[in-house]
Amino acid sequence: MRDDKVIAPALLDWYDRHARVLPWRVPPGGPPADPYRVWLSEVMLQQTTVAAVKAYFQRFTELWPTVQDLAAAPDAQVMAEWAGLGYYARARNLLACARQVAAEGGFPTTRTGLRALPGIGPYTSAAIAAIAHDAPETVVDGNVERVVARLFAVNTPLPRAKPGLTALAETLTPQERPGDYAQAMMDLGATICTPRNPACAICPLVDPCDARAEGIAAELPRKAPKQPKPTRQGTVWVARSGDAILFEERPTKGLLGGTLAFPSTSWDGRDLPPPGPADWQEIGQVRHVFTHFTLTLTVLLGDLTGNPQRGHLVRLDRIDRDALPGLMRKVWDVAQAEIAA
DNA sequence: TTCCAGGAAG
DNA sequence: CTTCCTGGAA
């Protein structure tokens, strides 16, 4: 019978030598990390890769070094700085959370207290408690699910396996250095125990790993088959008026909520009229893949011949491509190419 | 070109 | 259980 007690010490020993160096990280065994920086990085890392987050984290901490600074920022500036990172509800929750924390004089120190804040769920609450306060909380992200599924050779497919994997993960969390341990688990998943070709030959946990023993490490965790994505259609209007272009804020709830956009139909079958009178010309199409559907938008360009029905005009030299979400950047690029031609 | 990884909210 | 995006790998 395997002794699970060897797992945490072996992993911590590996982490002391191989911890990833990241802008929001404190070295192994170092002083506790700043809760604000841990929180900001973890929220950005929700559903986002480390590589994509780095530049955004640098920029945010430069603009807003403390949670009080962020709390005082205007909504539109935060949305613009977040543009391109995706899942824009995170940005709205980020600001709501910052304001609540600033009003309360600082971050809660317990997982339960953190869990009550906007945008902080089971993963992020455990991560902040463990990393910033060295609390013995069990952090379970996609990396940890994979490592644990392999260590215990769990064949149940995700997402059904999740509660069991969490329970198994909890049995491994040490009382010593739980913060470093949490980061070590995630580093192991990100660099050694990878989804496709796990580097078992250099893994510090190769010895106790059941999946490795059974030769099924690369097949775990198993996943339920996924449904095909439907395709949706829509129309987007790039409306010119002299040296200005028509934009509008999307409603705060729903897809691309609160972001800056070109006026468009609703994409769910409901037809909306053009934002104003113009001789609309079709100039191309853009394709964009969301989590649950693929969207094809037909791009129309036109010069307004009357007052727009909605939105507001932005002068060409004031348009900031980087303040647009990915889909609207594609639309803008199509329009730019046409305007230049 | 398609496939896939990656948490929270309602 | 459904709704939320993007970029990097295959």
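Letters A, B, ... mirror the listed sequences (proteins, then strands); counts begin at 1.
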Modelled atom types, side-chain donor and acceptor of A:Q77 and A:D75, under 3.5 Å: no

Under 4.0 angstrom, heavy atoms only, what part of the nucleic acid is A:Y123 near: base, sugar-phosphate, or nothing? sugar-phosphate

Rounded interatomic separation in angstrom, taking NE2 from A:H292 and P from C:dT2: 11 Å

Once you apply a heavy-atom cut-off of 4.0 Å, does A:V43 come out as touching a base, just sugar-phosphate, or nothing? nothing

Contact class for A:Q46 vs. all strands (heavy atom < 4.0 Å): base, sugar-phosphate, or nothing? sugar-phosphate

Phosphate OP1/OP2 of C:dT6 contacted by A:H288 side-chain N/O (<4.0 Å): yes

Honestly, is A:R2 close enough over A:F152, meaning NZ or CZ under 6.0 Å from the six-membered ring centre and within 45° of the axis? yes

A:W39 six-ring face occupied by A:R90 cation (under 6.0 Å, within 45°): no

Gap between atoms CZ and C1', on A:R329 and C:dT6 respectively (whole Å): 10 Å

Once you apply a heavy-atom cut-off of 4.0 Å, does A:R287 come out as touching a base, just sugar-phosphate, or nothing? sugar-phosphate

How many Å lie between CZ on A:R196 and C1' on C:dG8, as a whole number? 10 Å

5'-most to 3'-most nt of DNA chain B touching chain A (<4.0 Å, heavy-atom partner on protein side) reads B:dT2 to B:dA9

Salt-bridge contact A:R318-A:D243 (side-chain N to carboxylate O under 4.0 Å): no

More 5' along DNA chain B: A:L117 or A:N143, using each one's nearest nucleotide? A:N143

Salt bridge flag under 4.0 Å for residues A:D322 and A:R59: no

Need one value for A:K223: base, sugar-phosphate or nothing, where a base atom within 4.0 Å counts as base even if backbone is also close, heavy atoms only. sugar-phosphate

Taking it one step at a time, do A:F290 and A:F293 satisfy ring-ring contact (aromatic ring centres under 6.0 Å, His included)? CA-CA 5 Å; A:F290 290 95; A:F293 68 95; 5.0 Å; yes

Which part of the nucleic acid, if any, lies within reach of A:T291 when heavy atoms closer than 4.0 Å are counted: base, sugar-phosphate only, or nothing? base

